[in-house]
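Position 1 is the first residue of the sequence, and the numbers go up from there. Note that ligands are numbered from 1 as they come in the structure, with each ligand's atoms numbered from 1 the same way. The shown structure was predicted, so the numbers you read here are calculated from the model rather than taken from an experiment.
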Amino acid sequence: MNPLVQALGAAKPALMAELEELYKDLHRNPELSMQEVRTAKIVADAMEVLGYQVTRNVGVTGVVCLMKNGAGPTVMLRADMDALPMAENTGLPYASTVTARDPDGIEVGVAHSCGHDMHVTWMVGAARVLATNRAAWSGTLMIAFQPGEETAEGATSMVRDWGDGLFPKPDIILGQHVMVGAAGTVSYRPGVTLSAGDSLKIRLFGRGSHGSQPQTSIDPVIMAAATTLRLQTIVSREIAPTEPAVLTIGSLQAGTKENIIPDDATIKLNMRTFSEDTREYMLKSIRRICCAECEASGAERPPEFTTINSYPLTENDLVATQKVAHAFGNQFGENASLAPSPASASEDFSIFGRTWGVPYVFWFVGGTNPEAYAKAKQERTVNKIPSNHSPKFAPQIHPTLETGLQAMLTAAGAWLCPAA
Ligand SMILES: [Zn+2]
Ligand SMILES: [Zn+2]
């Protein structure tokens with residue numbers, strides 16, 4: 001067993017009870033992306049008490065905690081802190097009833113429907129075990145509590161604020177996410193493990209007119225409808241069937257009234273790809289089709305493209321993943337497994353490693369009641385289990401809390417405990 005997990009020892013029940021309280025408190029008090037003021041204060045204060053050198057407000061609300069403990073590698077652990085603009089519908093006694101103003105000033109429900117509250121709790125627990133068992137490891141520990149993962153702003157803003165020489169360059173960066181899967185299990189994958197995600201807003205310009213006189217208009221509704229259909233042919237007709245890709249148009253807006261032909265229409269789309277080549281190809285195809293459809297309609301202006309957000313591929317380092325997999329095998333036995341395929345979900349976690357040229361590993365921790373998950377698997381209804389971003393998503397606290405804590409300690413220990 002990993003010495004850090006062993007170090008949990010007799011103190012485990014007390015630590016777990018404390019972490020459960022922290023988790024429920026964070027769950028009840030979610031904060032929107034880049035507004036994680038309360039969460040950041042809770043973790044920064046806790047880390048200071050543990051003896052970490054704490055720097056606040058790195059990338060708006062991010063927190064970086066350093067602990068130097070003798071010779072050895074510099075290991076960076078990352079947890080994201082933000083919640084989503086949606087109302088929670090789990091019926092749990094500790095469910096969120098919080099509302100807040102989003103960046104557009106609109107009042108929205110706020111909920112930890114992606115489980116980042118669990119990530120923060122795991123990290124505080126791991127930080128506690130590491131700080132109180134310094135004889136069990138050696139090296140430099142750097143813990144990053146990151147804001148704004150859900151808007152792809154957080155990692156970028158932390159990297160921008162990182163500053164020269166303020167923090168050491170890590171040798172490895174580790175992160176984890178709770179998702180649908182039997183609680184008590186972990187899964188990992190070398191190489192591409194999460195898709196790249198790109199969201200675009202596309203404005204198509206027509207010429208407004210009276211609905212009774214279409215000959216005096218350039219109808220952006222027709223333009224948007226044709227563009228929407230044609231964009232669906234990128235994945236179905238231009239990408240090889242063996243190459244996974246997704247293109248979803250989640251928003252299509254034009255006009256106000258049935259007898260007014262509007263001036264313009266707006267499409268918002270999201271795409272997911274699993275290779276850089278496919279990503280670039282699809283971005284080019286989207287432009288080609290939008291421009292050609294506008295031209296086909298006789299538009300007097302080309303369409304306008306705005307990036308809403310962009311998540312790079314999460315591509316785990318092969319050697320480092322092997323190291324994590326080996327450690328997980330020792331710790332979790334058959335409860336650690338190789339993920340059969342990359343997940344069609346995206347993260348900004350890789351931005352740290354990509355920017356600095358540092359290897360990284362990101363893995364998954366199951367959060368579903370194990371019996372319910374086994375039953376769903378048998379009945380082939382896994383897709384019906386509320387997933388991340390569902391208003392009904394909430395991990396089962398035990399053993400998810402223990403497993404994520406152990407996973408983080410086990411992976412960190414693969415670098416920090418040379419004899420492990
Ligand atoms: Zn999410
Ligand atoms: Zn997430």
Side-chain angles (χ1 to χ4, degrees), residues 23 26-27 30-36 39-40 43 59 61-62 77-90 96 98 100 102-103 108-123 144-158 173-181 183 186-189 193-199 246 248 250 270-272 308-314 316 339 342-352 360-368 385-396 400-401 403-404 407-408:
Y23 171 73
L26 295 172
H27 193 87
E31 294 172 295
L32 290 177
S33 302
M34 309 310 286
Q35 302 179 22
E36 308 87 341
T39 310
V43 299
T61 52
L77 313 178
R78 172 273 204 180
D80 43 6
M81 304 188 285
D82 55 331
L84 286 158
M86 59 193 291
E88 178 167 348
N89 186 20
T90 59
S96 161
V98 169
D102 73 5
V108 289
V110 188
H112 264 300
S113 308
C114 203
H116 299 182
D117 46 352
M118 186 56 83
H119 304 172
V120 171
T121 310
W122 286 336
M123 193 62 85
F145 291 95
Q146 186 209 298
E149 187 282 324
E150 295 292 354
T151 53
E153 293 170 278
T156 302
S157 76
M158 280 192 93
I173 309 173
L174 303 170
Q176 56 183 354
H177 207 299
V178 63
M179 66 190 314
V180 170
V186 293
S187 66
Y188 54 85
R189 198 180 157 76
T193 191
L194 286 172
S195 58
D198 290 274
S199 293
V246 179
T248 293
N270 178 254
M271 58 174 243
R272 305 289 168 134
I308 299 170
N309 59 52
S310 179
Y311 293 86
L313 270 183
T314 305
N316 285 338
S344 184
S346 307
E347 256 286 341
D348 69 352
F349 165 76
S350 73
I351 287 174
F352 296 103
Y360 56 85
V361 185
F362 193 75
W363 64 87
F364 306 101
V365 179
T368 315
I385 297 173
S387 65
N388 303 63
H389 292 213
S390 154
K392 292 188 186 301
F393 177 82
Q396 177 175 302
T400 309
L401 190 51
T403 307
M408 193 46 99

Spacing of CG belonging to Asp117 relative to CG belonging to Leu26, to within rounding of 0.5 Å:
6.5 Å
Going by the rule salt bridge (charged side-chain N to carboxylate O under 4.0 Å, His left out), which residues pair with Arg78 if we only count those two or more places apart in sequence or in a different chain?
Asp80, Glu347, Asp348
Got a second to check how far Ser199's OG is from Tyr311's OH, nearest 0.5 Å?
7.5 Å
Are the aromatic rings of Tyr23 and His27 close, with centres under 6.0 Å apart?
yes
In terms of the angle between their ring planes, are Phe349 and Phe362 parallel, tilted or perpendicular, with boundaries placed at 30° and 60°?
tilted
Restricting to under 2.8 Å, identify the protein N, O or S atoms around the Zn ion (ligand 2) as residue plus atom.
Cys114 SG, His116 NE2, His177 NE2
With rounding to the nearest 0.5 angstrom, report the OG to CE distance, Ser390 to Met86.
6.0 Å
